Amino acid sequence: MRRIVLAMMMAAAAQGAQAADYPEDLPVLRGMLRESPRYVRWQGFYAGGQAAYGSSDHNFNGATSNMTAQQLALTTIEKEYQVSSWPVIGGKVSHQSSAFGGFAGYNAQWGDAVLGVDASYMHGNFGGAAAGSMGRQFTTSDGINNNVLVTSSASIKFTDILTFRGRAAYAIGSFLPYLFGGVAFGLADSTRTNVIDAQGTNPGPPPTNAYGPVTYTASENQHGRLKVGYTMGLGTEVMLFGNVFGRAEWEYIRFTGPIDTNINTVRGGLGYRF
């Protein structure tokens with residue numbers, strides 16, 4: 001028993017001597033050794049440049065219906081057969097385009113939570129065009145046989161888009177994934193034309209001309225018209241070196257009007273945090 005106690009005392013003394021010789025600046029082992037994630041301070045102002053690629057979807061259904069309603073206001077053919085509701089131009093048109101621009105904003109940070117405001121600008125060419133015609137023959141309540149043909153065309157192109165977004169993010173080391181949403185402003189060039197040919201006859205006998213033939217023509221050409229919509233999306237930033245960071249995001253933008261437009265883009269960029 002004495003030998004066992006003596007051996008334990010000698011082992012304890014040796015361990016104490018080794019601990020005294022252990023460098024104080026070496027980390028203490030607590031289970032598995034793991035390197036702490038890098039902490040990045042995201043608060044402050046930032047700005048940068050970006051390039052994007054995406055598609056625009058333009059819905060031309062009813063693009064000229066309000067023009068038809070104005071041309072045929074107070075007429076029997078519009079009142080009874082709703083010519084303005086005819087699907088003269090139908091379907092959607094998609095277009096792909098690249099774009100470039102810049103962004104700037106400000107972040108406020110509380111621990112790992114980051115909230116901010118952000119402005120993003122793109123210059124590109126997101127547009128489409130469509131055309132169609134539809135004709136019908138029908139008899140109105142006054143007994144007149146009507147022959148009506150509507151021919152329409154429309155186009156739209158967005159060249160400059162500016163979005164103001166609120167951002168909510170969560171810092172994970174050097175990465176900052178985020179969600180955003182806000183208001184969108186776009187400068188668009190658009191054209192619309194609408195031609196209505198109509199003629200009416202009395203059935204007789206014998207058939208006689210009741211009116212026409214008449215032609216109603218309307219056109220609209222707008223350049224640099226301001227459109228207002230909304231935006232939403234998600235992205236992530238990664239701190240590269242110093243105050244330089246990279247950004248990648250997806251953004252959805254919607255503008256409504258006679259020609260509804262949806263724009264989806266993916267983009268990448270480099271920025272500097274001040």
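Since the model is a prediction, treat every value here as computed from it, not as a measurement.
- When side chains are defined from C-beta on, E220 does not count as touching P258, because their heavy atoms never get closer than 4.5 Å.
- Between Y106 and F45, the ring planes are tilted. Angles from 30° to 60° get that label.
- For the pair R136 and Y81, the cation does not sit on the ring face, since its NZ or CZ is not both under 6.0 Å from the ring centre and inside 45° of the axis.
- Here K92 does not pair with D260 in a salt bridge; the nearest charged N to carboxylate O distance is not below 4.0 Å.
- For F100 and H123, the ring centers are positioned less than 6.0 Å apart.
- Here the side chains of N262 and I253 are not in contact, with every heavy-atom distance at 4.5 Å or above.
- Using bins of under 30°, 30° to 60° and over 60° for the plane-to-plane angle, the ring pair F255/F158 lands in the parallel bin.
- Counting heavy atoms from C-beta on, the side chains of R165 and F103 never come closer than 4.5 Å.
- Considering only heavy atoms from C-beta on, N107 comes within 4.5 Å of Y46 through its side chain.
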Check the pair E249 / R167 against salt bridge (Lys or Arg N to Asp or Glu O under 4.0 Å), numbers first and verdict last.
CA-CA 12 Å; E249 69 178 26; R167 300 202 313 167; 5.6 Å; no
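- A side-chain donor-acceptor contact under 3.5 Å links S152 and N194.
- Taking the six-membered ring for Trp and thresholds of 30 and 60 degrees, F138 and W86 have ring planes more than 60 degrees apart, a perpendicular arrangement.
- Ring-plane geometry between F274 and Y272 is classed as perpendicular, the angle between the planes exceeding 60 degrees on a 0 to 90 degree scale with a lower cut at 30.
- Judged purely by distance below 3.5 Å, without hydrogens or angles, the side chains of D189 and T159 never pair a donor atom with an acceptor atom.
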